[in-house]
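Below: the structure, in structure tokens.
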Amino acid sequence: MAHAEMNALASLPGGALASTYEAQTLYTTFEPCFMCAATIIGTYGVPQVAFASYDPTWDGLQEAFRRYPVIASRLPKREHLGGPFGVLAYVIHMTGVLRYWPGPYEPHERLAAAGIARCRQLVEDATLTHLLEAGADVVDVAASLWGDLEELAGCAG
Ligand SMILES: [Zn+2]
């Protein structure tokens, strides 16, 4: 039931004071879901969200709601940051998904099939598991995979 952006906003001092955050940008790993997006701008007044990656699981949901003008006018402006760190967010998430639900899984429409293939390879050779067991943090993981992340970033839409 937890939603990352709503949880982060709820932890801010002062609670929901929309005018407090009207000049801010919320940075997040994935494009927020519809409920978080509505909370970001509707409750907290944050007009813009910058996200590293499209959500591998729920991508497109905001576009579906944008067909309704009343809702479209109440969503924050979105900026996709992408790049190697965007791919890293995607890879970490998808390796978890593929580990527990091995498929078949349709390639993510915003990342070429090469991205899914690389994620499957990371699951099969337990790359992330080995890194974590060795005490790696996210910076270590990024450094270890950087060549792949740069290559896959070229495949991302
Ligand atoms: Zn959410």
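Atoms within a ligand are numbered from 1 in the order they appear, just like the ligands themselves. The figures here come from the full heavy-atom set of this structure, side chains too, leaving out hydrogens, waters and symmetry mates.
Under the salt bridge (charged side-chain N to carboxylate O under 4.0 Å, His left out) criterion, R78 pairs with E31, E63, sequence neighbours left out.
Around the Zn ion (ligand 1), the protein contributes the following N, O or S atoms under 2.8 Å, ordered by chain and number: H3 ND1, C33 SG, C36 SG.
More than 12 heavy atoms of other residues, nucleotides or ligands shown are found within 6.0 angstrom of CZ on F34.
The minimum heavy-atom distance linking I92 with L128 is given by the pair CA-CD1, 4.3 Å. Looking at every heavy atom in both residues, D140 comes nearest to G135 through OD2-O, 4.2 Å.
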Side chain to side chain contact (heavy atoms under 4.5 Å, CB included) evaluation trace for T29 with F51: CA-CA 5 Å; T29 307; F51 58 95; over 6 Å; no

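Taking the six-membered ring where the residue is Trp, H93 and F30 present perpendicular rings, their angle passing 60° and hence far from 30°.
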